[in-house]
Protein chains: 2
Amino acid sequence: MTDYPPFAVTVDLVVLTVRADELHLLLVRRGIPPDRGRWALPGGFVGIDEDLPDAAVRELTEETGLPEPAGHLEQLGTYGRPDRDPRGRVVTVAWLALLPDLPTPVAGSDAASAAWVPVTRLTPGQLAFDHDRIVADGLERARAKLEYTPLASAFCPPEFTVAQLRAVYETVWGTRLDPRNFHRKVTGTPGFVSPAGRATEGDRGRPAQLFRRGPATRLHPPMLRPES
Amino acid sequence: MTDYPPFAVTVDLVVLTVRADELHLLLVRRGIPPDRGRWALPGGFVGIDEDLPDAAVRELTEETGLPEPAGHLEQLGTYGRPDRDPRGRVVTVAWLALLPDLPTPVAGSDAASAAWVPVTRLTPGQLAFDHDRIVADGLERARAKLEYTPLASAFCPPEFTVAQLRAVYETVWGTRLDPRNFHRKVTGTPGFVSPAGRATEGDRGRPAQLFRRGPATRLHPPMLRPES
DNA sequence: CCCTTTTTCGTCGTCTCGACGATAACCTCT
DNA sequence: AGAGGTTATCGTCGAGACGACGAAAAAGGG
């Protein structure tokens, strides 16, 4: 190993959630150089004996303060431009996490100042390193995955209504969907959701049936987002 | 940088092509330990000042002997289990390449023994390191991408017929497709292919129109593979 | 000239989707 | 209690896409 170029390897997390009908991204304010004081993706160095998914889960639980990641976590991509980190050659493995809106406040161990930021309020050049591009890739991946997977339910609590699921699609895609056609599509696609048997109470309007995530891993046929 | 765990970073390539109505994978026989003499994915270490896509393109051109990668190259995923390489902590960034059938023989600089192997002849445990899993992920990615992108044309020469494109789908998916419906779908999807104006000569049957790749980057609606 | 092969164009029933009407089942306010 | 508002759920209808298949066009080989 002595004659191979030495790299540092990190994980960075694009953590998304839907709250108040807006798509939010988890950011931390950097407490150490470089880019001290700027907003960045949560992440950190991978341990020398640590597997990559383990490192991602560790960072996620540390930053969100949650014992168990209830949503979805998948590898997004690896970014390693030679000049992306002034400290040296750092390659980062980026991960995409989709979480339900957390009742727990965001306060991890080493994230003194972490915050949910609406993605509409992100401006180019705002984030440290190449995190702008990583976020853009994560958003595009999330939007695309809603089309052909049932992953929208990862943004929802264990039991949810069709309207909550529709709100996820509308928020992530930034479009409006017809409630009746959406209901037909969701309940008609086998394995998308399975009825929980119970219904909501106390809200406005007619009570809605509660559903859980179905066993399907893909949507056939896919839920296509409206064009333009 | 001195206090961060040192990693080695490599790139590995899942290079696919279609020849003789079979999907083939490019493999090299390892000339050095570990796993000396076993088949493995082409790849190598990333230079300390080298960008990741550059390293992938470099390895691809070295192994295939082609000056220009005519097909398609995209990042597949990163694999970094702590025990995946006995030499130490090696993280590899895997890439997926789709190439037309090469008239050039496969003979790279440092690949004394490289070969195209039909994917049907791969057996579990045959490849070095964790390359079995990387190949499986690459195959699934390629099969899925044919559904919603026009990437099947990456397996074809610059000018091709509808039947050649259909053969790609049938070979990669391992299914049969109706020639008439496939023709309607391909020529009816805007931007999938654009007519080259010329036609084939000398083959059996009616001459076929030649097409080039169209400007579309996605297929709307997607080309769904038949179920089961 | 007939047969085979392959490409290309049509047809028809089925399925899905978008646009919308209509009804059901709750709430709140008076 | 009843009226009105709000939301969920079910139906209907036409347009478009798809699978299964027939048929014509355009070549080569006997």
Side-chain angles (χ1 to χ4, degrees), chain A residues 21 146-148 150 156 159-171 173 175-212 216 218-228, chain B residues 21 146-148 150 156 159-171 173 175-212 216 218-228:
Chain A
D21 286 333
L146 291 203
E147 285 192 321
Y148 56 93
C156 297
E159 296 193 345
F160 52 89
T161 67
V162 177
Q164 289 177 35
L165 195 64
R166 178 166 48 87
V168 168
Y169 275 92
E170 292 180 336
T171 302
W173 284 350
T175 60
R176 303 251 99 197
L177 300 175
D178 183 87
R180 296 155 291 186
N181 294 334
F182 185 84
H183 187 277
R184 176 181 61 188
K185 173 75 178 171
V186 168
T187 57
T189 302
F192 195 171
V193 295
S194 43
R198 308 190 301 109
T200 56
E201 301 174 5
D203 291 341
R204 275 181 306 186
R206 174 175 170 178
Q209 294 294 339
L210 285 170
F211 295 88
R212 295 197 190 87
R218 299 207 151 206
L219 259 37
H220 272 302
M223 170 112 52
L224 295 178
R225 50 186 145 174
E227 357 207 333
S228 77
Chain B
D21 286 333
L146 290 204
E147 284 193 320
Y148 55 94
C156 295
E159 296 194 345
F160 53 88
T161 68
V162 177
Q164 289 177 34
L165 195 64
R166 177 166 49 87
V168 168
Y169 275 94
E170 293 180 336
T171 302
W173 284 350
T175 60
R176 303 251 101 195
L177 299 175
D178 184 86
R180 298 156 289 190
N181 293 335
F182 184 84
H183 187 277
R184 176 181 60 189
K185 174 74 177 171
V186 168
T187 56
T189 302
F192 194 171
V193 295
S194 44
R198 307 191 301 109
T200 57
E201 301 173 4
D203 291 341
R204 275 181 305 187
R206 173 175 172 177
Q209 295 295 334
L210 285 169
F211 295 88
R212 296 198 190 87
R218 299 208 150 203
L219 259 37
H220 273 302
M223 170 113 51
L224 295 178
R225 50 184 144 176
E227 0 207 328
S228 79

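So you know, we letter chains A, B, ... as the sequences are listed, proteins then strands, and number each from 1. What you are looking at is a predicted structure, and each value in this text was computed from that prediction instead of being measured.
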Rounded distance (Å) that lies between atom [atom2] of [N] and atom [atom1] of [X]:
{"X": "A/L165", "N": "D/dT9", "atom1": "CG", "atom2": "P", "answer": "12 Å"}
{"X": "A/E201", "N": "C/dC26", "atom1": "CD", "atom2": "C1'", "answer": "11 Å"}
{"X": "B/D203", "N": "C/dT7", "atom1": "CG", "atom2": "C1'", "answer": "12 Å"}
{"X": "A/F160", "N": "D/dA8", "atom1": "CZ", "atom2": "C1'", "answer": "16 Å"}
{"X": "A/F182", "N": "D/dT9", "atom1": "CZ", "atom2": "P", "answer": "12 Å"}
{"X": "B/L210", "N": "C/dT7", "atom1": "CG", "atom2": "P", "answer": "11 Å"}

Counterpart residues, side chain to side chain donor-acceptor pair (under 3.5 Å), relative to [X] (two or more places apart):
{"X": "B/Q164", "result": "none"}
{"X": "B/R212", "result": "B/E159"}
{"X": "B/R176", "result": "B/E170"}

* Asked: With sugar-phosphate meaning primed atoms plus P, OP1 and OP2, does A/Q209 contact a base, only sugar-phosphate, or nothing at under 4.0 Å between heavy atoms?
  ->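 Here A/Q209 touches the backbone only, sparing every base.
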* Do the side chain of B/E201 and the main chain of B/P207 share a donor and acceptor less than 3.5 angstrom apart? ->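 Looks like no, no N/O pair under 3.5 Å.
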* **Contact under 4.0 Å: A/H183 side-chain N or O vs D/dT9 OP1/OP2** =>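 Yes, A/H183 has a side-chain N/O under 4.0 Å of OP1/OP2 on D/dT9.
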* Let me have a per-nucleotide readout for nucleotides 16-24 of chain C, 5' to 3', with B, S or -, counting only protein heavy atoms under 4.0 Å. => SBBBBB--B
* Which pairs pass side-chain hydrogen bond (donor to acceptor under 3.5 Å, both in side chains) with one or both residues in residues 177-194 of chain B, sequence neighbours excluded? ->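 Applying side-chain hydrogen bond (donor to acceptor under 3.5 Å, both in side chains) to every pair that reaches into residues 177-194 of chain B, excluding sequence neighbours, yields B/D178-B/R180, B/N181-B/R184.
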* **Earlier contact from the 5' end, DNA chain D, for B/R204 and A/F211** =>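 Upstream on the strand: A/F211.
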* To do: Quick one: list whatever passes ring-ring contact (aromatic ring centres under 6.0 Å, His included) with A/Y148, sequence neighbours left out.
  =>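 Listed in chain order: B/Y148.
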